[in-house]
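We count ligands from 1, going down the list as the structure has it; atoms in each ligand are counted the same way.
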Amino acid sequence: ARHLLGIDHLKPDEITELLDLAQDYAALNRRTVKHSDALAGMTLINMFFENSTRTQASFELAGKRLGADVMNMAVSQSSVKKGETLIDTALTLNAMQPDLLVVRHPQSGAVNLLAEKVNCAVINAGDGRHEHPTQALLDALTIRRAKGRLHRLTIAICGDIAHSRVARSNLILLGKMENRIRLIGPATLMPAGVGDMGVELFEDMREGLKGVDVVMMLRLQKERMDGGFIPSEREYFHRFGLDAEKLALAAPDAIVMHPGPMNRGVEIDGTLADDINRSVIQDQVEMGVAVRMAALDLLARNLRASRGRTAVGEP
Ligand code: CP
């Protein structure tokens, strides 16, 4: 494919191909010299219209480790602040001939719209509550490394499902790979119609966690709640926060995940989040760089093939 906008259009064998390549990049990233020339001569622009630590930093590192010229557009200091639209901003940058554009935007669908207007490859780095495909891919690689497989696992996704693009992308990916998925959270934070997606729904966290292999916690996304239901943090932690007592109901070797940023003491107990015997949260961050290197590499190969030459810039 030309772009990576969501998980929906990826087939299971394409997901496996990307994760296999990411596995190689994870090994490269553990070496002292981390460079490859897979993107040599190419230009990558990061455009983040919403805050980010993990995704922006890992795309920047991924691009640089693959030898691309990387530019991070400082949206808060750009002409967006003078009222320039998303599309005009994208067209302006497109005219500078980038090869890859990584975009995060608070509105669902904004990245798909932008991809129709430019002639480079576009990667969705999170759009509203819609999709965050590279997060689901890095979660998948983390699970595969920890559990030795990415199929026939029982996986609980817990918390604010309604506002979470991470939950949506994971639901699609983990479903495609034939896992059993449980969604756990208050009814007010469940999206309408999710019960028809072949998942099991639980409002009682203790019930939902019984015997699961993977516990994936989510951040309460207050910025997307539009003044609607905002639970008290203390009550929320009591009912839906993960602590050692609730985790004891999962399988004895269950792993704990959180995409970050996390609210310690709201979704997850801080000590448990730091427990390297159960928590793979730092592995998720590490796999983020590897997965983004793999995604950029595969898109660059497709770009070269579509341009009909072996390296960008060749006549
Ligand atoms: N998980 C994630 O997308 O984190 P950032 O918002 O820090 O990029």
Inset, instruction - Please determine if Arg165 and Glu131 form a salt bridge, counting it only when a charged side-chain N lies under 4.0 Å from a carboxylate O. - result: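 No, this pair does not count.
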
Legend entry - atom 7 (O) of ligand 1: nearest protein contact (heavy atom, Å):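 Here the closest protein heavy atom is Thr53 N, 2.8 Å.
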
Legend entry - Protein residue, atom and distance nearest to atom 4 (O) of ligand 1, heavy-atom basis: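 Here the closest protein heavy atom is Arg54 NE, 3.1 Å.
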
Legend entry - Arg264 and Asp274: CA distance, side-chain angles, deciding distance, salt bridge (charged side-chain N to carboxylate O under 4.0 Å, His left out) verdict: CA-CA 10 Å; Arg264 290 170 184 260; Asp274 296 335; 3.0 Å; yes

Between [X] and [Y], a side-chain donor and acceptor under 3.5 Å:
X	Y	value
Asn263	Arg219	no
Ser108	Arg129	no
Thr134	Arg292	yes

Inset, instruction - Report yes if Pro259 has an N/O atom closer than 3.5 Å to an N/O atom of ligand 1; otherwise report no. - result: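 Between Pro259 and ligand 1 (N or O atoms, distance only) the closest approach is under 3.5 Å.
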
Inset, instruction - Using a 4.0 Å heavy-atom threshold (strictly under), name the region of His258 that reaches ligand 1: side chain, backbone, both or neither. - result: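 It is neither; nothing of His258 touches ligand 1.
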
Inset, instruction - May I ask whether Gly260 places a heavy atom under 4.0 Å from ligand 1? - result: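 Contact present.
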
Legend entry - Arg104 to ligand 1, any heavy atom closer than 4.0 Å: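 Checking ligand 1 against Arg104, which is what was asked, there is a heavy-atom contact under 4.0 Å.
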
